[in-house]
Amino acid sequence: MGGMKGWLCSGNKGQLDGVEPSSIDGTSQYSLSNGLLPSLGARSNRRVILRRFIISPFDSRYRWWETFLILLVFYTAWVSPFEFGFLKKPIKVLAITDNIVNGFFAVDIILTFFVAFLDPQTYLLVDNQKKISWRYIRTWFLFDVISTVPSELVEKMFPSMQVYGLFNMLRLWRLRRVSKMFTRLEKDRNISYFLVRCSKLIFVTLFAVHLAACFYYYIAAHYPDPRKTWIGIGMEDFHLEAVSLRYVTSIYWSITTLTTTGYGDLHPVNIREMIFDIFYMLFNLGLTAYLIGNMTNLVVHGTSRTRRFRDTIQAASSFGLRNRLPVRLQDQMLAHLCLKYRTDSEGLQQQEVLDSLPKAIKSSISHYLFYSLLDKVYLFHGVSNDLLFQLVSEMKAEYFPPKEDVILQNEAPTDLYVLVSGAVEFIVLRNGTEQVVREATSGEVCGEIGVLCYRPQLFTVRTRRLCQLLRLNRTAFLNLVQANVGDGAIIMNNLLEHLKEQSDPLMQSVLRDVENMLARGRMDLPLSLCFAAARGDEPLLQHLLRQGSDPNEADMNGRTALHISAANGNDNCAVVLLAYGADPNAKDSEGNVPLWEAIMGRHESLIKLLIDQGATLASGDVPQYACYAVEQDNLELLKDIVRYGGDVKLAKTNGTTPLHAAVTSGNAAIVKFLLKQGADMEKGDVHGWTSKGLAEFHGNDDVKALFRSKEETNLQSVVSVPENEVAPASLKKLRTDSMDVTPRVREVTWADKNRRRRVNTFRNSLFGIMSAATRGETAEGSSFTNSPIFGNQSARVILKCPAKGEAVKLVMVPETIQELLDIGAQKFGCVCTKVVTADGAEVDEVEVIRDGDHLSLICEDEDDMQMPES
């Protein structure tokens, strides 16, 4: 039991998927089986990892068990008809042997409840215990149980019936195992196909002769008058003769009848024998016709693929021997042919199915299976969705058996491979010895250096186990990249960054060679000016410009090569671009100009160069620049904006000025500088908030002192709200200890947003580049209107209570009117019954309240309703 438990727990130690050893000595020969082949898009197939106590049908120990049971089936096929025809009661030796054999098959019944099965639709192993049990119960379970019941038990249950031999005939159900065995042996290239077919035909013939002989003798033994039987005429008292003599006589009759040789001394005598002979000879006639007609057709056509496979294997073996190829190379040939037969001939035909479908359906299937894998490949990080979708549609899935070469060192670069499942080794031949450089697993790419740089392959790529790879032709790949110009630069940059991360001296040498090829413009990939500027590669930049590249070419974010050069402080690249006519005032999608990029990086020489070429800050989004400087508390950057012609008094699209931002941040030094530049402290934003109002709201004494000193007369500060002004007397009470307000959250700029993979705008395609000159796209900021604040997440209102005089409170709007009345009762110390607007209208729903509204609370003890002043 300990050994059996260890077997049940070893479900995760099965054979390699789809391949099984052809011999027990552990040699490297492999043969086909009905094993598991990984589905398209499978992420891993190194080993079949099953649940606990589940047995893999490809486990070598389970295969040994099945082989042992098949030997017992041969015994059952002989002894069951023999006991039926020649024995009236059990013989001790046969009875004991039968019960031992039945015990082994009873154990197999139990094991079957724990053996995973292959789903015929998905070709994947099912290891769910309930599914395995239900499948077995509703198929072969009942037949297997009946065939293992001891004959002695059945005889005791039915003593009046002679069921001993008849019940044993039910055990012939086990012959289905032999059929499966011959099917598997026919596909084993290590066993002669001719011998397997001959053995199968001989077995069927012998079984038919044996079965007919037992039946024919049974008729004679149970006839009322033994002398009037086919065997009683020539052998009186045949019951007393030896069993071997009676059996040989029966076999002799069966063979002469089956072969239609004719009857000699044995022939039917009584009516029962004649009837049996009639049906037996009719069966022989139909069997002969079937064998000559249908069976021949089935053998020829049904096994034509197998025959062609065997012929191909034989031809390949002869070719290898005749040309004295190395053993390893011969094994690779045969293993590849075996795997090709599996994928092409056993109902899978995956590539043929895909090729027969319309392009749209095929592309959708490829996208579903492989897009997520291709998106994780380092070479394609950051490329557009358009290119990825097109690449997936052009890739073809291929299977490679273990120890097969996918790419050879120094061969011409024709294909790019992406590893879906399995593992491969990168091998270098040094001084006549193969050295493994590294191992690649699922999601990695092979042969990319040769394809992108068009140089001989650096490594021999050899599979370690059964692998599924996506193959992409170099010509198709370059055609797609040339249609998506910007993505070519991204792919090349990913390759260079990947090479930089490698510590191997060989890879560093490749990096230097690639950089030299880039500098000389000898790359087949369509590189962009932005790529050259980002790398600071002046020779490549000049080469591209001489080839006719547009100096104002922009990437997906609208940034030109001049933007990138200015941000990086690369004077040489900027000089080259300006010499070829680059626009010094070009704006990107965020409103930034090259001069602003140079100012941000404090590149003084570049700033002077751009100004000399006509660059101005006024051509960009100056309010955004100034607000950014204020938010960063960078007074020097703000002074640079003014120094280089920026107007810091301008407002953004939502009405926010740099002064608003400075007051919110509480930086008195920046507020003082902005006031000196003429900033208007009375200018309101779209919500009506002025800089003075914000100063009062935040309670910054230093800022308020600056505003008071700026005023010509000593006027009391007011809070600027939409359409109405709060009475000056109420300003002293705005910052009370009971005020419940939250700090104003600064506006989120475009630069703060987290960018994901860009949307398909077609700017990256040839169409987008050709139409870029005629398209005038500007990035507009979002605008806000004075609309109801649904949910009242940030609405503030001014509350008055006429019964309490001039008292004014600034509060956040709660979720209900009752909560607002409770707040008023707490603030003013009276019981409030209703809320009215400045025009006297009663407010019943909190959703209609707007940010900045003036509201009045009516108390319970008021005699007359006091209408608030406008």
Side-chain angles (χ1 to χ4, degrees), residues 590-592 595-596 599-600 602 617-618 620-712 714-722 725-726 731 734-735 739 741-753 781-784 794 796 810 851-852:
E590 296 182 357
N592 297 327
L595 181 57
W596 171 245
I599 294 174
M600 287 277 291
R602 296 196 173 277
L617 275 183
D621 193 349
V622 177
Q624 179 178 311
Y625 306 158
C627 289
Y628 173 80
V630 172
E631 291 167 0
Q632 299 297 319
D633 290 334
N634 194 335
L635 180 59
E636 294 301 323
L637 182 59
L638 196 62
K639 292 179 179 179
D640 289 339
I641 295 175
V642 175
R643 183 184 306 118
Y644 297 114
D647 188 355
V648 295
K649 300 186 298 295
L650 300 177
K652 298 170 65 174
T653 55
N654 61 357
T656 302
T657 64
L659 186 59
H660 283 88
V663 173
T664 303
S665 64
N667 194 319
I670 293 181
V671 171
K672 182 177 181 181
F673 175 79
L674 291 173
L675 290 175
K676 288 183 178 180
Q677 299 300 320
D680 187 3
M681 57 184 175
E682 299 291 347
K683 187 174 183 179
D685 59 10
V686 294
H687 298 294
W689 288 97
T690 64
S691 299
K692 292 174 59 178
L694 288 174
E696 291 289 344
F697 176 74
H698 290 283
N700 193 316
D701 296 335
D702 293 338
V703 174
K704 290 192 291 183
L706 291 173
F707 285 158
R708 284 194 297 270
S709 64
K710 183 69 176 177
E711 293 177 340
E712 295 180 355
N714 189 16
L715 299 178
Q716 293 181 337
S717 300
V718 294
V719 178
S720 178
V721 294
E725 297 294 329
V726 181
L731 294 179
L734 280 177
R735 291 192 51 83
M739 185 173 0
V741 295
T742 58
R744 180 178 178 86
V745 180
R746 76 173 181 86
E747 179 186 3
V748 179
T749 63
W750 289 341
D752 296 330
K753 296 180 181 178
S782 59
S783 60
F784 301 91
S794 59
R796 305 180 185 89
L810 178 65
D851 188 22

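Because only heavy atoms are used, hydrogens play no part in the values below, and waters and symmetry mates are left out as well, while side chains stay in.
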task = Using the six-membered ring wherever Trp is involved, compare the ring planes of Tyr628 and Trp596 and label them parallel, tilted or perpendicular (cut-offs 30° and 60°).
result =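 Rings of Tyr628 and Trp596: perpendicular, over 60°.
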[atom1]-[atom2] distance between [X] and [Y], expressed to the nearest 0.5 angstrom:
X	Y	atom1	atom2	answer
Asp647	Leu617	CG	CG	11.0 Å
Leu635	Asp640	CG	CG	9.5 Å
Asp621	Thr653	CG	OG1	8.0 Å
Gln677	Lys639	CD	NZ	10.0 Å
Thr656	Lys683	OG1	NZ	10.5 Å

ask   = Which atom names give the shortest non-hydrogen contact between Lys649 and Gly678, and what distance separates them?
value =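 Here Lys649 and Gly678 meet closest at CD-O, 3.1 Å.
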query = For Pro658 and Leu650, which heavy atoms make the closest approach, and how far apart are they?
reply =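 Here Pro658 and Leu650 meet closest at CD-O, 3.3 Å.
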Do [X] and [Y] have side chains that approach each other closer than 4.5 Å (heavy atoms only, starting at C-beta)?
X	Y	answer
Val630	Asn667	no
Gln624	Asn592	yes
Ile599	Tyr625	no
Leu637	Met600	yes

ask   = When you look at Leu675 and Leu659, which way does the side-chain contact (heavy atoms from CB on, under 4.5 Å) test go after all the steps?
value = CA-CA 8 Å; Leu675 290 175; Leu659 186 59; 4.1 Å; yes
query = Taking the side chain from His660 and the backbone from Leu694, do they hold a donor-acceptor pair closer than 3.5 Å?
reply =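 Such a contact is absent between His660 side chain and Leu694 backbone.
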query = Counting N and O atoms only, with roles assigned by atom type, does the side chain of Ser665 sit under 3.5 Å from a partner on the main chain of Ala661, one being a donor and the other an acceptor?
reply =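 Here the side-chain-to-backbone pair exists.
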ask   = Is there a side-chain contact (heavy atoms from CB on, under 4.5 Å) between Leu674 and Leu638 once you walk through the steps?
value = CA-CA 9 Å; Leu674 291 173; Leu638 196 62; 3.9 Å; yes
